[in-house]
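Here is how names work: the chains are called A, B, and so on, in the same order as the sequence lines, proteins then strands, and each is numbered from 1. Owing to the predicted nature of the structure, the values given are computational and were not obtained by experimental measurement.
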Amino acid sequence: MVTQIISTMETQVSNGPSGTSLPNGPVISTNGSTDDSKTNLIVNYLPQNMTQEEFKSLFGSIGEIESCKLVRDKITGQSLGYGFVNYVDPNDADKAINTLNGLKLQTKTIKVSYARPSSASIRDANLYVSGLPKTMSQKDMEQLFSQYGRIITSRILVDQVTAGISRGVGFIRFDKRNEAEEAIKGLNGQKPLGAAEPITVKFANNPSQKTGQALLTQLYQTAARRYTGPLHHQTQRFRLDNLLNASYGVKRFSPITIDSMTSLAGVNLTGPTGAGWCIFVYNLSPEADESVLWQLFGPFGAVTNVKVIRDFTTNKCKGFGFVTMTNYDEAAMAIASLNGYRLGDRVLQVSFKTSKQHKA
DNA sequence: TTGAATT
């Protein structure tokens, strides 16, 4: 897990005592500039294939957005896996952190936190560390580096097959570049207490700095995905098995094969109407909200929109909602896995939305 | 044995 060590104290200080909070608008400081320290969020660890539209849809479900941006590579246009959301209301920013931080989307667990004020001093503050003792934990590593400054994130890479054994390699991101520089001076080539070998500490490569070959491969794969039609059944079966084996915290109740799902195609479906495939979710609790739908469907692929249908007067969920997913195979897998899924004391009914159900 | 954290 990533760790963030940013004291709220600093956020308070940067806001300053002179800021004026308007009832329905941004906080304006006395020098006239907009203070977005309580409304502007950074979102990390987004799935690679998440689009700007999906990003906006997810965070727009919390409250009114002043602006948002999924950060992309300037050359390839590929998502860099993080973005920014600036809300109109600081309360919505707080709510977004409380409800969306830790949300699982496909293979990622997103992180939602306040963005630090942008400045050159916080850039290029990420370190690559190798030669770490295999017994050193993330916490140990942070303890070693924390004497040089405030740590924003840290990670120790682990072996995939042995599930959790340290590879002796990690990353430390400091708040400030000069802190990272001091850590290199102080720790590169040094032996941690009790370690047999010295560690190597240097600035990390920028992950976007790929070889020409890797870049071409990435471009090719992006183009191939864009022009690929519906997958064959065998492929879908393979991907369904992968999904189910990956657990995602989802337990299946009544198994439905992809083949039985695809037999429905073109019969009753609302279809891939521009926006994607609309899914009907029935038997939600009165307390259900949008976040539960993101949590349930997000792991299966690109979700563009979710909606909980509420009673106009009580504002309680009327027991059903809708989810829109971009790709048919991902929608089919979500349905196959979540139809019959037990959520609390309820068993969900999940299907493609049909024109008949829409009349309700 | 290198992960998408400052628009």
Side-chain angles (χ1 to χ4, degrees), chain A residues 1-6 10-11 14 33-34 36-37 39-52 55-56 59 65-87 93 97 101 105-134 136 138 141-142 149-162 164-177 179-180 184 188 197 199-211 214-215 218 222:
Chain A
M1 285 302 291
V2 285
T3 307
Q4 180 167 37
I5 307 176
I6 299 180
E10 176 146 309
T11 307
S14 64
S33 64
T34 303
D36 58 11
S37 65
T39 56
N40 195 31
L41 304 179
I42 185 165
V43 185
N44 294 109
Y45 312 113
L46 292 166
Q48 171 60 226
N49 61 7
M50 188 174 218
T51 66
Q52 166 78 26
F55 183 60
K56 184 174 185 181
F59 285 87
I65 290 173
E66 193 275 325
S67 62
C68 74
K69 184 178 207 173
L70 178 68
V71 180
R72 291 194 184 84
D73 184 281
K74 283 189 179 68
I75 299 163
T76 67
Q78 294 289 299
S79 165
L80 295 186
Y82 67 94
F84 296 89
V85 182
N86 196 11
Y87 284 99
I97 291 173
N101 184 43
L105 293 175
Q106 296 166 256
T107 61
K108 303 284 190 175
T109 301
I110 71 170
K111 178 175 175 181
V112 185
S113 57
Y114 288 109
R116 291 171 288 167
S118 185
S119 85
S121 66
I122 67 172
R123 294 181 55 184
D124 302 315
N126 198 24
L127 297 180
Y128 172 74
V129 187
S130 59
L132 293 165
K134 299 286 196 280
M136 184 178 266
Q138 182 189 14
M141 184 174 70
E142 284 198 354
R150 175 171 299 142
I151 296 166
I152 301 301
T153 58
S154 71
R155 167 174 295 179
I156 288 181
L157 302 188
V158 296
D159 189 293
Q160 291 299 315
V161 288
T162 61
I165 305 291
S166 167
R167 292 161 63 189
V169 172
F171 291 89
I172 294 270
R173 179 179 297 278
F174 279 100
D175 183 38
K176 296 287 184 337
R177 180 178 172 91
E179 295 169 343
I184 293 174
N188 183 41
E197 301 298 326
I199 61 173
T200 299
V201 184
K202 57 187 198 179
F203 282 109
N205 294 334
N206 187 326
S208 65
Q209 284 168 357
K210 295 190 173 170
T211 66
L215 210 133
Q218 188 179 336
T222 304

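- What separates CG of A/Asp124 from P of B/dA4 is a distance of 17 Å, to the nearest Å.
- Distance from the side chain of A/Val169 is smallest for B/dT2 among the nucleotides B/dT7, B/dA4, B/dT2.
- A/Tyr82 places its OH atom 13 Å from the P atom of B/dA4, with the value rounded to the nearest Å.
- Counting distance only, with no hydrogens placed and no angle test, the side-chain atoms of A/Lys69 and the base atoms of B/dT6 include no donor-acceptor pair under 3.5 Å.
- The backbone N or O of A/Leu70 lies less than 3.5 Å from a partner atom in the side chain of A/Gln52, making a donor-acceptor pair.
- Scanning atom types as modelled, one donor and one acceptor separated by under 3.5 angstrom connect the side chain of A/Gln48 and the base of B/dA4.
- One can place CZ of A/Phe84 at 12 Å from C1' of B/dA4, the figure rounded to the nearest angstrom.
- The shortest heavy-atom contact between A/Tyr45 and A/Thr109 is CB-O, 3.4 Å.
- Every residue meeting the salt bridge (charged side-chain N to carboxylate O under 4.0 Å, His left out) condition with A/Arg177, not counting sequence neighbours, appears here in chain and number order: A/Glu181.
- In this structure, A/Asn44 and A/Ser166 both approach DNA chain B, and ranking their closest nucleotides by distance from the 5' end singles out A/Ser166.
- Looking at residues two or more places apart in sequence or on another chain, you find a side-chain contact (heavy atoms from CB on, under 4.5 Å) between A/Ile97 and A/Leu41, A/Val112, A/Tyr114.
- Between B/dT6, B/dA4, B/dT7, one nucleotide has an atom nearer to the side chain of A/Lys108 than all others, and that is B/dA4.
- In this structure a side-chain-to-backbone donor-acceptor pair under 3.5 Å is missing from A/Glu66 to A/Asn40.
- Distances from the side chain of A/Ser118 to the nucleotides B/dT2, B/dT7, B/dA5 place B/dT7 closest.
- One donor-acceptor pair, N or O on each side, does fall under 3.5 Å between the base of B/dT6 and the side chain of A/Arg116.
- A/Arg173 has its CZ atom 9 Å from the C1' atom of B/dT6, to the nearest Å.
- What separates CG of A/Asn126 from C1' of B/dT2 is a distance of 10 Å, to the nearest Å.
- The interatomic distance linking A/Leu46 (CG) with B/dT7 (P) rounds to 16 Å, in whole Å.
- Checking B/dT1, B/dA5, B/dT6 against the side-chain heavy atoms of A/Ile122 singles out B/dT6 as nearest.
- In this structure, A/Ile110 atom CD1 and B/dA5 atom P are separated by 13 Å, rounded to whole Å.
- Here B/dT2 presents its C1' atom at 9 Å from NZ of A/Lys202, a figure rounded to the nearest Å.
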